[in-house]
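Just below is one structure, and these are the notes that go with it.
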2 protein chains.
Amino acid sequence: MTEAEYLANYDPKAFKSQLLTVDAVLFTYHDQQLKVLLVQRSNHPFLGFWGLPGGFIDEHCDQSLEEAVLRKLQEKTAVVPPYIEQLCTLGNRHRDVRGWSVTVCYTALMSYQACQIRIDSVSDAKWWPLADVLQIPLAFDHLQLIKQARERLTQKALYSLVPGFALSEPFTLPELQHVHEVLLGKPIQGKSFRRRVEQADLLIDTGLKRTERGRPANLYRLKSDTASYRFLRNLEC
Amino acid sequence: MTEAEYLANYDPKAFKSQLLTVDAVLFTYHDQQLKVLLVQRSNHPFLGFWGLPGGFIDEHCDQSLEEAVLRKLQEKTAVVPPYIEQLCTLGNRHRDVRGWSVTVCYTALMSYQACQIRIDSVSDAKWWPLADVLQIPLAFDHLQLIKQARERLTQKALYSLVPGFALSEPFTLPELQHVHEVLLGKPIQGKSFRRRVEQADLLIDTGLKRTERGRPANLYRLKSDTASYRFLRNLEC
DNA sequence: TTACTTAGTGACGCTCAGACATAATATGTT
DNA sequence: AACATATTATGTCTGAGCGTCACTAAGTAA
């Protein structure tokens, strides 16, 4: 049989297939703490529960998995996050009562300000402090995904400046350090952090300064290659 | 509508769904080089081409994605690899002529000896030297997946002893070092490598020695926590 | 002017990777 | 038996960079 004949006879619905969704754990930093974007479900299963933004692929408009998850995020936040990365894919026969189900989960970061207005204007999406999220029941296995995303981001705080994407630009160096400290759950030596930042050469000094109690702090932006830069040595916290 | 009513009316075939497969990039180390297991396809599309071992989920026997990919590997090698890790999930509307298609791809490592007999006995599976694989046309986007798996493993050679899972136990320390050197494409200072291995405390000294020209070398096994151990500092190669 | 607060620097020790000389232990040759 | 050779393993020095902490800088408030 030639490939042409095979395709002519091919029936996409002949084989039973699995439920496939994309989801995103979108973090930001606000009020001195990490927050994650959750959406209140308007459909079964888990109707009324809070869960991760995401959903099914739309074959009409989504060219790829990443386009699909970005579309889902954009529907809620009206913007595209400056950082997104595939986290993992979770699939088994137990996670959804409808049957064998698979989710491709992403981790994303963005500033609180970038979408504050949009989020405040809708009732079904909300930034949740990470500590609070651990206390409430979530849809599906989304709690597990959030924990895993957080662990990965904590690791990144040790050897990259990726957490900076959770801030709105321009930001001060102590602000960036504090995001890392919140992720690690421990204080970082300011001197060590500054040394690393300087050596990495990932921050653009805007020349501006911000003052709020104490000596004014320099304001920086992230260079575009921050997402892929890795330090050779981890912080030892 | 209650959830029970929703589920009673739920038709799994009502929504168009995507092709979903699992694939694995299985590496080993043999004849001083890295090899990858490829399978010759017996179906359209890409009939007759070499590609990664993998295939569709079998809802009857697979409880999870990982079980599915392990089953696929076991069908070819007759054994379960000592190391497996999710690599990435690739999904878009162009990678398969049959339509929107998604693969959840894993990276795995195992020793050459563990399945040599089984592989030699079948005609459709074969260990390919990695350099050769880059020269031949592969099915789908499997070349891209192999390259990505190799890059990730190269990174792991800088901050872990995971590449050791490509060896058969017991192995010598210079053998382990050479796997790392092949991955990195550069020689490593023997002293640095030994220091790290000792400090990590991941090798069990079997007390045995192996001699083949020169001073006999100690033989080691990997501790089970080698898969998750990370050095704080990278090799600087 | 002084106290206070926060931002940023200087200087020293420690750990560990790189580099390379040296020792140890086997085989093969004379 | 003595020696050459090959390979494994160790000793030691140097340097990069993190931890630590004292100190300086630059703003606000009393």
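Below, chain A is the first sequence line, B the second, and so on; all start at residue 1.
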Dump every N/O contact between nucleotides 25-30 of chain C and the protein below 3.5 Å, one line per pair.
{"residue": "C/dT25", "atom": "O2", "partner": "B/Arg215", "partner atom": "N", "Å": "3.3"}

Within this structure, what is the [atom1]-[atom2] distance for the pair [X] and [Y], rounded to the nearest 0.5 Å?
{"X": "B/Ser101", "Y": "B/Leu20", "atom1": "OG", "atom2": "CG", "result": "8.0 Å"}
{"X": "B/His180", "Y": "B/His178", "atom1": "NE2", "atom2": "NE2", "result": "12.0 Å"}
{"X": "B/Gln177", "Y": "B/Leu184", "atom1": "CD", "atom2": "CG", "result": "10.5 Å"}
{"X": "A/Leu38", "Y": "A/Trp127", "atom1": "CG", "atom2": "CH2", "result": "9.5 Å"}
{"X": "B/Leu52", "Y": "B/Thr103", "atom1": "CG", "atom2": "OG1", "result": "8.0 Å"}

Toward the 5' end of DNA chain C, by each residue's nearest nucleotide, A/Lys191 or B/Ser192: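 Comparing both residues, the 5'-ward one is A/Lys191.
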
Whole-Å distance between [N] [atom2] and [X] [atom1]?
{"X": "A/Ile188", "N": "D/dT20", "atom1": "CD1", "atom2": "P", "answer": "12 Å"}
{"X": "A/Arg210", "N": "D/dG27", "atom1": "CZ", "atom2": "P", "answer": "16 Å"}
{"X": "B/Asn218", "N": "D/dA9", "atom1": "CG", "atom2": "C1'", "answer": "9 Å"}
{"X": "B/Phe193", "N": "D/dT10", "atom1": "CZ", "atom2": "P", "answer": "14 Å"}
{"X": "A/Gln189", "N": "D/dA22", "atom1": "CD", "atom2": "C1'", "answer": "12 Å"}

State which residues pass side chain to side chain contact (heavy atoms under 4.5 Å, CB included) with [X]; sequence neighbours excluded, sorted by chain then number.
{"X": "B/Gln135", "value": "none"}
{"X": "B/Glu66", "value": "B/Ser64, B/Leu70, B/Ile84, B/Tyr106"}
{"X": "B/Pro187", "value": "B/Glu181"}
{"X": "B/Cys88", "value": "A/Gln86, B/Leu145, B/Gln148"}

When you measure from every atom of DNA chain D, which of residues 153-167 of chain B have a heavy atom less than 4.0 Å away?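 Listed by number, there are none.
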
Nucleic acid contacts of residues 170-184 of chain A, taken as heavy-atom distances under 4.0 Å to DNA chain D: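 Listed by number, there are none.
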
I'd like to check the ring pair (Phe, Tyr, Trp, His ring centres under 6.0 Å) partners of B/Tyr159; sequence neighbours left out, ordered by chain and number.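 With sequence neighbours excluded, B/Tyr159 shows a ring pair (Phe, Tyr, Trp, His ring centres under 6.0 Å) to no residue whatsoever.
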
Tabulated below should be each protein N or O lying under 3.5 Å from an N or O of nucleotides 15-17 of chain D; please produce it.
{"residue": "D/dG17", "atom": "OP1", "partner": "A/Gln199", "partner atom": "NE2", "Å": "2.8"}
{"residue": "D/dG17", "atom": "O4'", "partner": "A/Arg233", "partner atom": "NH1", "Å": "3.0"}
{"residue": "D/dG17", "atom": "N3", "partner": "A/Arg233", "partner atom": "NH1", "Å": "3.4"}

Strictly by salt bridge (charged side-chain N to carboxylate O under 4.0 Å, His left out), give each pair with a member in residues 135-163 of chain B just once, sequence neighbours left out.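 Only B/Glu85-B/Arg152, B/Glu85-B/Lys156, B/Arg95-B/Asp141 qualify under salt bridge (charged side-chain N to carboxylate O under 4.0 Å, His left out).
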
Listing request: all side-chain hydrogen bond (donor to acceptor under 3.5 Å, both in side chains) pairs with a residue in residues 217-237 of chain B, at least two apart in sequence or in separate chains.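 Counting only pairs at least two positions apart or across chains, the side-chain hydrogen bond (donor to acceptor under 3.5 Å, both in side chains) contacts touching residues 217-237 of chain B are B/Asp201-B/Lys223, B/Asp205-B/Asn218, B/Lys209-B/Asn218.
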
Side chain to side chain donor-acceptor pair (under 3.5 Å) assessment of A/Thr89 paired with B/Thr89: CA-CA 7 Å; A/Thr89 300; B/Thr89 300; 2.4 Å; yes

Phosphate OP1/OP2 of C/dA7 contacted by A/Arg194 side-chain N/O (<4.0 Å):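 For A/Arg194, the contact criterion (side-chain N or O under 4.0 Å from OP1 or OP2 of C/dA7) is not met.
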
Between B/Arg194 and B/Glu198, does any side-chain N to carboxylate O distance fall below 4.0 Å?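 The answer is no: the pair does not qualify as a salt bridge.
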
When you check the gap from the basic side-chain N to the acidic O, do B/Lys76 and B/Asp124 get nearer than 4.0 Å?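 Salt bridge present between B/Lys76 and B/Asp124.
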
Please check this pair: side chain of B/Glu169 against backbone of B/Leu222, looking for a donor-acceptor N/O pair closer than 3.5 Å.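 Side chain of B/Glu169 to backbone of B/Leu222, a donor-acceptor pair under 3.5 Å: yes, one is there.
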
Have a look at the helix from C/dT1-D/dA30 to C/dT30-D/dA1 and give the angle its two end axes make, five pairs each, rounded to 10 degrees.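 For the helix from C/dT1-D/dA30 to C/dT30-D/dA1, the axes at opposite ends meet at about 10°.
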
Nearest to the side chain of A/Leu235, which nucleotide is it out of D/dT10, D/dA9, D/dC18?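 In terms of side-chain proximity for A/Leu235, the closest of D/dT10, D/dA9, D/dC18 is D/dC18.
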
